[in-house]
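No experiment lies behind these values; they were computed from the predicted model shown. First listed ligand is number 1; within each ligand, the first listed atom is number 1.
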Amino acid sequence: MKSVYLDNNATTSVAPEAVEAMMPYLTDIWGNASSVFYETGQRAEEALAALRKSVADNLGAANPNEIYFTASGCEADNWAVKGIAYANKRKGNHIITTKIEHHAILGACEFLEKQGFEVTYLDVDKYGFVTPEAVENAIKDNTILISIMTANNEIGTIMPIKEIAKVAKAHKIPFHTDAVQAIGHIPINVQELGVDMLSLSAHKFHGPKGVGVLYVKNGIRIENLIHGGGQERGKRAATENLAGIAGLAKALDMAVSNLDKNMAHMTKMRDMLIDGIRERVDYIKLNGPEGENRLCNNVNFSYEFIEGESILMRLNMKGIAASSGSACASGSLDPSHVLLAIGVPHEIAHGSIRFSVGSDTTEEEIKYVLDELPKIITGLRMMSPMYEAFEDGKLESFTAKLKEDK
Ligand SMILES: *Cc1c(COP(=O)(O)O)cnc(C)c1O
């Protein structure tokens, strides 16, 4: 049977080159990078320094000591939010973020709210954008952190991060961005963007799972999230995951050096899928923006009158892997907080599917999906009481009305 993987916003396959880069640290160089009085420890420490420099260079950081390795994107996000909040709690208790952040950011903010911090969750427009003006208007005397994602994992919206960073800087407020979905999909240079902190996660760009980075610009005060030993310059205890870090560094190096080529290919695959679905299926809505402010690999449509889970199950029977909204939220019955924030009604949000292409997705795979998907949608609508009500004129179509309003 065919197997077509179109869930690259959830995770990516591990590049063979990344596996190869990890192997020495699982075999010969198994020493503890903090044990520098004998050879295998020294070799580990030297390797760690070189890997940190390579990551710093590929992110455009001024200094390798601004790179902190973590165990995930979620950890990096939690650390940025809680670490800045705790380090600055004498200055103020107000945090600004958006309604469409990843659950790692939203969960950390909700946790802080229970401890007396105040959080402004900015609204987004119907494409998922937040404006620098809206950020500026939300700033108060007691604002101590602004955290806004670079690119949204569900609907692909790319935020105006450089402009928002300028606002934060003008007000001398630390600015963090969750760039987990941005790496490998848009150019990322921390100094050009002007951000103070940035999160990334290796498994979203063909590196291994369980390893991430928090970039923290020198001069930014951040409290520890994990206490214990003196690793990561005393800021994050835990014996370093050298193999994981080597895999991350290699995957990042490849993502950066092949960026133009990969972006061009993924954009082509994305647009083939978007245009093809629009030609073949009625009563649908593309979620997120069109064109260049959309992640080059993200396709998210709502299909009216049916359930996303039923579509996924039938796609799976055809060997096609996709996702209904965010994988982190799957298992919950609530519709995606992102779709609700951009104004998609509950019942339509439930019928949404995200396809996310990869640098290895082929034209043939897209054509296969474009053959199978319309049959699945038609089949499910035939069984749908809502579709029947619509055909009997008892129910209005939300997407048909959207089209008229245009
Ligand atoms: C996947 C993801 C995360 C979490 O990264 P993990 O390494 O899986 O913990 C955070 N933010 C965004 C935008 C993501 O897509």
Numbered atoms of ligand 1 (with element) below 4.0 Å of [X], judged on heavy atoms:
| X | answer |
| --- | --- |
| His203 | 6 (P), 7 (O), 8 (O) |
| Asp77 | 10 (C), 11 (N) |
| Cys74 | 4 (C), 5 (O), 6 (P), 9 (O) |
| Gly73 | 5 (O), 6 (P), 7 (O), 9 (O) |
| Ser72 | 7 (O), 9 (O) |

Applying a heavy-atom cut-off of 4.0 Å, say which part of [X] lies close to ligand 1: side chain, backbone, both or neither.
| X | answer |
| --- | --- |
| Lys204 | side chain |
| Glu75 | neither |
| Thr11 | neither |

So for ligand 1, is Ala151 a polar contact partner (N or O within less than 3.5 Å, distance only)?
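Such a contact does not occur with ligand 1.
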
Using a 6.0 Å distance limit plus a 45 degree cone around the ring axis, check whether Lys89 lies over the aromatic ring of Phe117.
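Checked: cation-pi criterion not met.
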
cation_pi(Arg233, Tyr68) dist<6.0 Å, angle<=45:
yes

Salt bridge flag under 4.0 Å for residues [X] and [Y]:
| X | Y | value |
| --- | --- | --- |
| Glu304 | Lys285 | no |
| Glu309 | Arg314 | no |
| Glu363 | Lys268 | yes |

What I want to check is whether the side chains of Asn300 and Glu154 have a donor and an acceptor closer together than 3.5 Å.
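No, Glu154 and Asn300 have no side-chain donor paired with an acceptor closer than 3.5 Å.
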
If you take the nearest heavy atom of each of His103, Lys209, His102, which one is closest to atom 3 (C) of ligand 1?
His102

Are more than 12 heavy atoms, taken from residues, nucleotides or ligands other than Asp141, located less than 6.0 Å from that residue's CG atom?
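It does not: Asp141 CG has 12 such atoms or fewer within range.
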
